[in-house]
Structures are given as structure tokens and as C-alpha cells.
Amino acid sequence: VSDWSSDVCSSDLDTAENPGAVTAPAVDRKIIQNAEVELGVRDVDEALNAVTQALAQSGGYVQENRVTGTREQGRQVSMTLRVPSGSFGSLLDLLRELGEVRSLRQWTNDVTEEYLDLEARIETGEAHLAQLNKLYERSGTISEMIELEREIARVTAELESLKGRYAFLANQVAFSTVTVSMYEPGV
């Protein structure tokens, strides 16, 4: 598969060969970054301290932490970390330095389309709700008021759902998720 995009930039498309070309506006991509790391470490406690310090400095946090085993038999730590997306690479670098990387998987989810769709649907829903409220203020009969109240309640519930999904995606984009498994040999 050839990658022609490395040879052509968007400004090249709007040339004499393609007069009147419309360049799409730049979109701020909404990317969720994830990683899974398995490490062999000499000392689980030292590794945990290093990870905890790095998270504190970056504004991240431990979402879940589980330590099993004994010093004699060897211990295993399973952690789910949330780190600001700007510190994702630094955290992975730190993890690589803590011990022997047995496995590393990184992937992303581009949620830009869903994000933009939610923004548009929220904006439209809020405008619709404002119109309904104006109609309600001017409504004359009880049956009109009851029908408008039902519609206002439905639109409000839909808006709350959309805003909840929007907030969830915003958090997933802002904070990357790193799942870490660390193994320590027994004594």
C-alpha cells in the first residue's frame, strides 16, 4: 500500500492543476490514547513509588491497583492509570525504564466524528428547548401546556444524555488510559 499523503500536502491541492479547490477546515482531532504494558521488575515497591510520583507530577491518578503474591513467591501488580494525554509518552518512557518490557500494546481511538456530532446535536437541542420554553410561556390552554411540558421533559432528558456522553468523551481524550502489569521474582 503506497502512502501518497507523505508526498502531497493540502496546500499542493489548491494549485493551478486544481483551480477552485476547497480546502477543508483544520479539525482538532479528538484522539483517545491507550496502552497495555507488562514489565518484569526487581522490586514492586520501588516501581510503584516511581509510577505514583510520576502520576502526581503530571496530574494523573491511579484508577485501580491490585497487588497479589508474596515477597518469597514473587508479587504481581495490576494497575490502571489515567494520565493527562500530554504526559502519555513520558509515562510510557518511565515504565520502560522500570524493568524489562515483556509486552507493550498501544492503540488510539479517533472519536472526532462522534464528538462533533454531539456538539451539533447539543446546540440544536438547546435551541429547540429555548423555543419550547418560549411557546410554553405563551401557551393558552391546559392541554397545550401539558403537551409542551412533556416535550420539554423529553428534550431535556435527551440533552442530558448527550451532554453526559460528550463529557465522557472529553475525559477520555484528556486523560489517556495505561494498564500496567508488573511482575517481581520471588526471593
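The chain is numbered in sequence order, starting from 1. The model shown is predicted, which means the values in this text are computed figures rather than measured ones. Computation of the quantities below employed the complete heavy-atom set of this structure, encompassing side-chain atoms and omitting hydrogens, waters and symmetry-equivalent molecules.
- Across all non-hydrogen atoms, the minimal contact from V83 to S58 is CG2-OG, 3.6 Å.
- Contact check on R165 versus E114 returns a salt bridge, with a Lys/Arg side-chain nitrogen under 4.0 Å from an Asp/Glu carboxylate oxygen.
- Minimum heavy-atom separation, A50 to L94: O-CD2, 3.8 Å.
- From D43, atom CG reaches atom CE of M182 across 10.0 Å, with rounding to the nearest 0.5 Å.
- Contact record, G125 with V155: O-CG1, 3.8 Å, taken as the closest heavy-atom pair.
- With a 4.5 Å cut-off on side-chain heavy atoms, V77 and V180 do not count as touching.
- Interatomic distance, K30 NZ to E113 CD, rounded to the nearest 0.5 Å: 15.0 Å.
- Side-chain heavy atoms closer than 4.5 Å link hydrophobic residues (I, L, V, M, F, W, Y) into clusters, and following such links, even through other members, never connects L116 to L169.
- Listed for the E144 side chain is a donor-acceptor partner under 3.5 Å among the backbone atoms of G140.
- Between the CD1 atom in I31 and the OG atom in S176 there is a gap of 11.0 Å [rounded to 0.5 Å].
- Going from atom OG1 of T179 over to atom CD of E64 covers 8.5 Å, rounded to the nearest 0.5 Å.
- Residues I32 and V37 fall into different hydrophobic clusters, defined by Ile, Leu, Val, Met, Phe, Trp and Tyr side chains chained together at heavy-atom separations under 4.5 Å.
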- List the steps and the verdict of side chain to side chain contact (heavy atoms under 4.5 Å, CB included) for V51 and L98. CA-CA 9 Å; V51 169; L98 292 177; 3.6 Å; yes

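- The 12-atom threshold is exceeded at CZ of R96, counting heavy atoms of other residues, nucleotides or ligands nearer than 6.0 Å.
- Enclosure of atom CD in E147 is not indicated, since only 12 or fewer non-hydrogen atoms of other residues, nucleotides or ligands lie within 6.0 angstrom.
- Both L95 and V41 are members of a single hydrophobic cluster when ILVMFWY side chains are connected at heavy-atom separations under 4.5 Å.
- Within the 4.5 Å cutoff, no side-chain heavy atoms of K163 are placed close to those of R121.
- Between L48 and M79, some side-chain heavy-atom pair lies under the 4.5 Å cut-off.
- Minimum interatomic distance between R66 and T68 (heavy atoms only, all atoms of both residues): NE-CG2, 3.6 Å.
- With values rounded to the nearest 0.5 angstrom, T124 atom OG1 is found 10.0 Å from L162 atom CG.
- Here the OG atom belonging to S143 is positioned 10.5 Å from the CE atom belonging to M145, to the nearest 0.5 angstrom.
- The existence of a salt bridge linking E151 and R154 is confirmed by a sub-4.0 Å separation between a basic side-chain nitrogen and an acidic carboxylate oxygen.
- The side-chain contact (heavy atoms from CB on, under 4.5 Å) with L92 is formed by just one residue from the set Q33, Q106, E97; it is Q106.
- Proximity of a side-chain donor or acceptor of N171 to a complementary backbone N or O of A167 within less than 3.5 Å is not detected.
- Transitive grouping of hydrophobic side chains (ILVMFWY, heavy atoms separated by less than 4.5 Å) keeps F88 and Y61 in distinct clusters.
- You'll find the side chain of P84 reaches within 4.5 Å of the side chain of F175, heavy atoms only.
- Residues Y183 and L81 are members of separate hydrophobic clusters, defined by side-chain heavy-atom contacts under 4.5 angstrom among Ile, Leu, Val, Met, Phe, Trp and Tyr.
- At a threshold of 4.5 Å between non-hydrogen side-chain atoms, the residues R82 and T177 count as touching.
- Residues A170 and Y115 come closest through the heavy atom pair CB-OH, 3.8 Å.
- Side-chain contact check for Y136 versus L132: every heavy-atom pair is 4.5 Å or farther apart.
- The pair R71-D45 meets the salt-bridge criterion, since a charged nitrogen lies less than 4.0 angstrom from a carboxylate oxygen.
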